[in-house]
Amino acid sequence: MKPPPASAASEPGDTPVSSERPAPGDTPAPGDDLTSADAPEAVGAAVTGTERRPARTTLRSDLKASLPDGLVALVVTAAVFALLLARIRAKTSSTVSVMPFMADVEGFWMYFLSQAFGWAALLWAWVTVVLGLLLSGPRPGRLPLSGPRLERLHRTTSLNTIALIAAHALLFAAELVRHDTARWHARLYTAFVEAFVPGGYDSGTGQIAIPVGQAALYLAVPLGLLFYVRHRIGPKTWRVLHRFVIVVYVLSVWHTLLYGTNVWYDGWFRTTIWLLQLPIAALLLARLLRPARRSERLSRPVPATPGGGGRPAWSLRLAGRLAVAAIAVAILAVVLTGRDGGRSIPPADTSSTHNHD
Ligand code: HEM
């Protein structure tokens with residue numbers, strides 16, 4: 001922040017193999033757009049006479065179901081907020097080392113609350129990506145959650161991730177409004193442009209970091225919410241698009257490591273953020289090597305039949321798996337060497353040379 005101025009199931013080979021569970025978004029019957037999470041034991045059922053018919057998953061039903069983990073997210077945000085304030089008061093906050101004017105806790109409480117929402121958003125994004133990869137790849141036998149419950153939790157944590165990112169960005173914008181001295185409409189306009197328009201934030205590391213965060217937010221919304229209109233766009237289109245949601249996660253981590261002032265300097269906390277990416281890389285690799293869907297397996301080059309993709313598609317899949325393996329090795333190297341890309345901690349009296357803007 002600147003210092004204040006003053007259906008794809010009918011496709012040959014695309015049905016999950018018998019020993020496999022249905023992958024998320026699978027259609028149980030032609031024309032039926034229910035997911036495995038729509039099983040009666042998972043979300044309840046509409047009762048017609050003696051027959052129990054599964055109720056369709058809608059955005060409204062999932063928003064309702066999101067309340068419990070949304071409340072947990074708010075508790076986590078409150079705890080992080082309290083921790084950030086305690087560190088500022090104890091003069092151990094690296095945010096204040098980077099931006100000394102932020103030592104005024106009351107003056108910048110919205111900024112610190114925005115940071116807390118950012119951390120909750122990143123944690124929820126981590127959880128939802130892990131759940132998603134467990135659904136679409138191999139799953140450990142002894143998991144305490146059934147498939148439908150896992151899928152429902154994946155959807156609710158995804159919705160909450162979007163809400164947490166929005167809260168993070170809105171509070172950042174609100175802080176900009178509060179510290180601007182121009183007229184109301186000019187303040188609102190400037191804060192909106194700086195927080196939400198790519199290229200609108202024009203100074204320092206934020207020139208890259210803010211658009212990276214915005215890209216994550218703007219991609220998360222369609223890639224997450226298209227699920228609720230999959231019967232219109234077709235389950236296969238939805239599945240193909242939803243795969244790119246991993247990009248949202250990568251952008252989120254990149255944005256955090258680039259711009260978060262609590263991970264500004266190298267040290268154990270920044271290295272831990274890197275370490276947390278190892279399970280994601282491992283699960284992604286496992287998902288690519290043993291996908292729930294037979295058609296995504298790399299057993300041998302597929303013939304160039306319509307929809308099969310032929311050798312180029314096979315080569316692309318192989319390249320994807322090799323790239324993810326290389327990324328996992330790179331993350332391991334960062335963790336083991338501690339060379340995590342952080343800035344060196346400045347001597348106590350030179351904080352003003354480390355400007356965040
Ligand atoms: C419109 C989109 C976004 C905007 C305008 C935005 C804004 C910011 C700003 C200004 C900071 C620096 C705060 C500091 O001094 O540490 C920051 C840090 C951060 N952001 Fe974002 N962000 C956006 C998207 C995201 C997304 C998508 C995520 C993750 C899911 C995220 C998570 C974080 C985290 C964890 C930090 C570190 C906070 C800290 O160091 O305490 N942000 N963001």
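One is the number of the first residue; the rest follow in order along the sequence.
The side-chain heavy atoms of Phe227 and Leu59, taken from C-beta on, include no pair separated by under 4.5 Å. Residues Leu176 and Thr190 form no side-chain contact, since every pair of their non-hydrogen atoms from C-beta on lies 4.5 Å or further apart. Residues Tyr249 and Val253 form a side-chain contact, since some pair of their non-hydrogen atoms from C-beta on lies under 4.5 Å apart. When side chains are defined from C-beta on, Ile88 does not count as touching Phe108, because their heavy atoms never get closer than 4.5 Å. Within the 4.5 Å cutoff, side-chain heavy atoms of Asp69 are placed close to those of Trp124.
Across Ile162, Thr157, Leu159, a single residue satisfies side-chain contact (heavy atoms from CB on, under 4.5 Å) together with Ser66, and that is Leu159.
Of the possible polar contacts, none joining the Arg270 side chain to the Tyr265 backbone as a donor-acceptor pair under 3.5 Å is found. Formation of a donor-acceptor pair under 3.5 Å by the Thr58 side chain with backbone atoms of Ser61 is found in this model. A donor-acceptor pair under 3.5 Å is absent between the side-chain atoms of Asp266 and the main chain of Gly338, judged by distance alone.
Ion pairing between a basic and an acidic side chain is recognised when a charged N comes within 4.0 Å of a carboxylate O; Glu194 and Arg187 show no such pairing.
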Between Ser114 and Glu175, does the side-chain hydrogen bond (donor to acceptor under 3.5 Å, both in side chains) criterion hold? Intermediate values first, please. CA-CA 9 Å; Ser114 162; Glu175 188 68 275; over 6 Å; no

Take Val130 and Ile280, measure what side-chain contact (heavy atoms from CB on, under 4.5 Å) needs, and give me the verdict at the end. CA-CA 6 Å; Val130 166; Ile280 300 274; 3.8 Å; yes

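Considering CG of Leu332 and CH2 of Trp274, their distance stands at 12.0 Å, rounded to 0.5 Å. Distance check: Arg287 CZ to Leu135 CG gives 10.5 Å after rounding to the nearest 0.5 Å.
Cation-pi check for Arg317 over Trp314 is not met; the charged atom does not lie both under 6.0 angstrom from the ring centroid and within 45 degrees of its normal.
No more than 12 heavy atoms of other residues, nucleotides or ligands lie within 6.0 Å of CZ in Arg290, so this atom counts as exposed by the packing criterion.
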